[in-house]
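Just below is one structure, and these are the notes that go with it.
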Amino acid sequence: MKNKILVISVHPDDETLGCGGTLLKNKAKGNEIHWLICTTIDKNHDYFEIREKEIKQVSKIYGFDSVHNLRLKTMQVDEYSISELIEKISNVINDVKPDIIYLPFKSDIHSDHRKIFEASYSCTKSFRYSFIEKIYMMEVLSETEFAPSTKEDSFIPNVFVDISDYIEKKTEIMKIFQSE
């Protein structure tokens, strides 16, 4: 049976930093991979068009089966109510109906990451989303490692994926994100 995987990426590049090799490996196995980007920069920003081109290029290289973009204001996710975030994310989850979801780590230091985790995790209740079988949190270097080193806030992985065959392609994809 093929899997349907949804990666929830707070910012474009989080998917690649967090689980890019795993996404490539799953695509190679014939699994569906879907991308939810939560934030965007203002259309008047100098590199808005560049960012949009990067997203299209990255999407094509991964071969995402769908790309969704909530277009929330980057670095201002805390301005949205949690119920509004839940509704937006829930709509995508119900559209994709993934059996596997990758979420940002709950204790990332970046407030956008924490808010999106909180809203996304609320969208994984088994009685409402019975199609979800596995939920993973991913380490997004540049945000995760700055979390306080307390037991409840430290990223302590318990699943490891061998991406040796995909690390070079993941690195190539990271280079596309010049605007990040």
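Being a predicted model, the structure only gives us computed values, none of them experimental.
- Across all non-hydrogen atoms, the minimal contact from Ile86 to Cys123 is O-SG, 3.5 Å.
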Please table the atom pairs, donor to acceptor, closer than 3.5 Å between any side-chain atom in residues 21-29 and protein atoms at least two apart or in another chain.
residue, atom, partner, partner atom, Å
Lys25, NZ, Asp162, O, 2.8
Asn26, OD1, Asn31, ND2, 2.8
Asn26, ND2, Thr22, O, 2.9
Lys27, NZ, Gly63, O, 2.9
Lys27, NZ, Asp65, OD1, 3.4
Lys27, NZ, Asp65, OD2, 2.9

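- Once rounded to the nearest 0.5 Å, the distance linking CD1 of Ile100 with CG of Asn3 reads 4.0 Å.
- Counting heavy atoms of neighbouring residues, nucleotides and ligands inside a 6.0 Å radius, atom NZ of Lys134 does not exceed 12 of them.
- A distance of 7.5 Å separates CZ of Phe105 from CD1 of Ile156, quoted to the nearest 0.5 Å.
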Between Phe48 and Thr40, is a side-chain contact (heavy atoms from CB on, under 4.5 Å) present by the stated rule, with each step listed?
CA-CA 8 Å; Phe48 176 81; Thr40 191; 3.7 Å; yes
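- Looking at heavy atoms from C-beta onward, His110 lies in side-chain contact with Met75 at the 4.5 angstrom threshold.
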Stepwise, does the side-chain contact (heavy atoms from CB on, under 4.5 Å) test hold for Tyr80 with Leu85?
CA-CA 7 Å; Tyr80 299 87; Leu85 294 172; 3.8 Å; yes
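- For the atom pair CG of Leu36 and CD1 of Ile116, the computed distance is 8.0 Å after rounding to the nearest 0.5 Å.
- Checked for salt-bridge contact, Glu79 and Lys73 meet the test: a charged N lies under 4.0 Å from a carboxylate O.
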Candidate pair His34 and Val7, rule side-chain contact (heavy atoms from CB on, under 4.5 Å), full reasoning
CA-CA 6 Å; His34 302 266; Val7 59; over 6 Å; no
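- Of the possible donor and acceptor atoms, one in the side chain of Asp14 sits under 3.5 Å from a partner among the backbone N and O of His11.
- A distance-only check finds a donor-acceptor pair linking the side chain of Glu15 to the backbone of Asp13 [under 3.5 Å].
- The 12-atom threshold is exceeded at CE of Met174, counting heavy atoms of other residues, nucleotides or ligands nearer than 6.0 Å.
- A donor-acceptor pair under 3.5 Å is formed between the side chain of Thr171 and the backbone N or O of Ile167.
- Counting non-hydrogen atoms of neighbouring residues, nucleotides and ligands closer than 6.0 angstrom, the CD atom of Glu168 reaches no more than 12 such neighbours.
- Pairs engaging residues 50-70 under the ring pair (Phe, Tyr, Trp, His ring centres under 6.0 Å) rule: Trp35-Phe64, Tyr62-Phe64 [sequence neighbours left out].
- Residues Ile37 and Leu70 form no side-chain contact, since every pair of their non-hydrogen atoms from C-beta on lies 4.5 Å or further apart.
- When side chains are defined from C-beta on, Ile176 counts as touching Ile61, because their heavy atoms get closer than 4.5 Å.
- Taking the side chain as every heavy atom from C-beta outward, Glu32 and Lys2 never approach each other to under 4.5 Å.
- Once rounded to the nearest 0.5 Å, the distance linking OH of Tyr47 with NZ of Lys53 reads 15.5 Å.
- Lys115 contributes no side-chain N or O that, together with a main-chain N or O of Asp112, makes up a donor-acceptor pair within less than 3.5 Å.
- The two residues Thr124 and Tyr129 have their closest heavy-atom pair at N-CD1, 3.9 Å.
- Side-chain heavy atoms closer than 4.5 Å link hydrophobic residues (I, L, V, M, F, W, Y) into clusters, and following such links, possibly through other members, connects Val159 to Leu17.
- For the atom pair CG of Leu103 and CD of Glu118, the computed distance is 12.5 Å after rounding to the nearest 0.5 Å.
- Between Arg71 and Glu52 there is a salt bridge, since a side-chain N of the basic residue sits under 4.0 Å from a carboxylate O of the acidic one.
- Pairing each heavy atom of Pro104 with each of Ile8, the nearest pair is CD-O, 3.8 Å.
- A donor-acceptor contact shorter than 3.5 Å links the side chain of Asp42 to the backbone of Asn44.
- By the salt bridge (charged side-chain N to carboxylate O under 4.0 Å, His left out) test, Lys4 pairs with no residue at all, sequence neighbours left out.
- Between Ile93 and Phe131, the closest side-chain pair of non-hydrogen atoms falls below 4.5 Å.
- The line from NZ of Lys169 to CD of Glu172 is 8.0 Å long, rounded to the nearest 0.5 Å.
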Take Val58 and Phe177 through the test side-chain contact (heavy atoms from CB on, under 4.5 Å) and record every step on the way to the result.
CA-CA 8 Å; Val58 167; Phe177 285 112; 3.6 Å; yes
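- Side-chain contact check for Ser66 versus Val96: some heavy-atom pair is nearer than 4.5 Å.
- Taking 4.5 Å as the limit, every side-chain heavy atom of Pro157 sits out of range of all side-chain heavy atoms of Glu139.
- By the 4.5 Å heavy-atom criterion applied to side chains, Ile132 and Ile101 are counted as neighbours.
- Counting non-hydrogen atoms of other residues, nucleotides and ligands closer than 6.0 Å to OH of Tyr121 gives a total of 12 or fewer.
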